Amino acid sequence: GDVIDEKVRKIVDLILSKKARDIVVIDLQNFEHIADFFIICTADSSTHRKAIIDEIEEKADKIGISILFSDFNPQSPWNIVDTGDIVLHIFEDEARKFYDIEGLWIDAKQIKIKEE
């Protein structure tokens with residue numbers, strides 16, 4: 001199986017605990033001037049997006065990440081949490097299809113996370 005960066009794994013565990021779905025990790029370590037990893041997930045609503053972001057903000061210190069930028073906008077169907085080397089993208093379904101981050105980074109290694 002794929003070996004996932006420890007901090008990425010911890011973030012994935014947190015968002016799984018908040019029922020984020022369709023989680024994909026994009027490994028960007030071979031690309032310059034960008035984060036090392038993107039984590040992309042889907043949420044059902046603005047309430048769900050907020051719950052995921054709140055969880056990460058609350059547990060950041062505990063899992064050893066620092067948040068440089070966190071953006072919760074209930075009106076926007078796409079929110080970002082940026083820790084510098086890892087950027088989490090939280091989408092609702094339609095926006096995720098529209099922006100198609102996975103498609104943009106088709107040349108990067110992509111790991112689909114299995115939900116328990």
Side-chain angles (χ1 to χ4, degrees):
D2 292 299
V3 178
I4 294 185
D5 176 86
E6 190 186 349
K7 285 180 185 174
V8 171
R9 166 56 63 195
K10 286 175 174 171
I11 294 171
V12 165
D13 287 345
L14 283 185
I15 67 178
L16 275 173
S17 77
K18 289 291 162 190
K19 306 282 192 278
R21 51 191 173 79
D22 300 330
I23 302 168
V24 173
V25 174
I26 303 182
D27 184 339
L28 298 166
Q29 292 177 104
N30 295 332
F31 297 82
E32 284 185 34
H33 312 307
I34 196 140
D36 289 342
F37 297 94
F38 281 172
I39 303 171
I40 301 168
C41 69
T42 300
D44 300 321
S45 62
S46 65
T47 315
H48 191 197
R49 283 184 281 117
K50 183 157 180 14
I52 293 168
I53 291 170
D54 286 350
E55 179 72 359
I56 292 187
E57 288 180 343
E58 280 167 29
K59 304 271 168 66
D61 286 347
K62 192 175 158 193
I63 68 168
I65 61 169
S66 51
I67 295 171
L68 305 182
F69 173 79
S70 172
D71 143 52
F72 175 68
N73 175 348
Q75 269 70 54
S76 166
W78 175 14
N79 298 135
I80 288 174
V81 180
D82 183 352
T83 74
D85 44 359
I86 302 163
V87 181
L88 171 65
H89 299 265
I90 307 164
F91 285 103
E92 288 180 38
D93 276 316
E94 290 304 312
R96 181 161 177 178
K97 289 189 191 90
F98 181 79
Y99 290 105
D100 188 25
I101 305 259
E102 290 103 315
L104 288 176
W105 291 101
I106 201 77
D107 294 338
K109 181 175 165 190
Q110 302 193 12
I111 303 162
K112 286 187 166 44
I113 304 294
K114 291 174 185 60
E115 289 151 55
E116 299 311 312

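Predicted, not measured: the structure shown is a model, and the values here were computed from it.
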Check: H89 side chain, T42 main-chain N or O, donor-acceptor pair, under 3.5 Å: no

Inter-residue atom distance Y99.OH - I40.CD1, 0.5 Å rounding: 13.5 Å

Same apolar cluster: I111 and W105, side chain cutoff 4.5 Å: no

The single option from V87, I67, D71 passing side-chain contact (heavy atoms from CB on, under 4.5 Å) against D82: V87

Heavy-atom side-chain proximity of F37 to D5 below 4.5 angstrom: yes

Derivation and outcome, side chain to side chain contact (heavy atoms under 4.5 Å, CB included), residues R21 and D44: CA-CA 9 Å; R21 51 191 173 79; D44 300 321; 2.8 Å; yes

Path from I34 to F69 over hydrophobic side-chain contacts below 4.5 Å: yes

Student check: side-chain heavy atoms of I26 and V24 closer than 4.5 Å: yes

Trace of the side chain to side chain contact (heavy atoms under 4.5 Å, CB included) decision for D36 with L28: CA-CA 5 Å; D36 289 342; L28 298 166; 5.9 Å; no

Straight-line distance of F72 CZ to I80 CD1, nearest 0.5 Å: 14.0 Å

Atom pair CG (L68) and CG (D85), whose distance is rounded to the nearest 0.5 Å: 8.5 Å

Joint cluster assignment, F38 & I23, ILVMFWY side-chain distance < 4.5 Å: no

Heavy-atom pair of closest approach, residues G84 and A35: O-CB, 3.7 Å

Ring centre gap for W78 and F98 strictly below 6.0 Å: no

Main-chain N/O of S76 paired with E92 side-chain donor or acceptor, under 3.5 Å: no

Pairwise side-chain contact, V8 with K10, heavy-atom cut-off 4.5 Å (strictly under): no

Which atom of E57 lies closest to which atom of S70, heavy atoms considered: OE2-OG, 2.7 Å

Lys/Arg N to Asp/Glu carboxylate O, D54 vs K59, below 4.0 Å: no

Short N-O contact, D13 and R9, less than 4.0 angstrom: yes

Side-chain touch I53/N79, heavy atoms, less than 4.5 angstrom: yes

Audit row: I4, I113, side chain to side chain contact (heavy atoms under 4.5 Å, CB included) steps and yes/no: CA-CA 10 Å; I4 294 185; I113 304 294; 3.6 Å; yes

4.5 Å side-chain heavy-atom contact, Q110 and V25: no

Reported CD1-to-CD1 distance for the pair I56 and I11, which is rounded to 0.5 angstrom: 5.5 Å

Close side-chain approach of I101 and F91, heavy atoms under 4.5 Å: yes

Side-chain touch E55/E58, heavy atoms, less than 4.5 angstrom: yes

Option from E115, K112, E102 for which side-chain contact (heavy atoms from CB on, under 4.5 Å) with D22 holds: E115

Side chain to side chain contact (heavy atoms under 4.5 Å, CB included) assessment of C41 paired with L88: CA-CA 8 Å; C41 69; L88 171 65; 4.2 Å; yes

Under 3.5 Å donor-acceptor, R49 side chain and N73 backbone: yes

From I63 atom CD1 to E6 atom CD, the distance as rounded to the nearest 0.5 Å: 10.0 Å

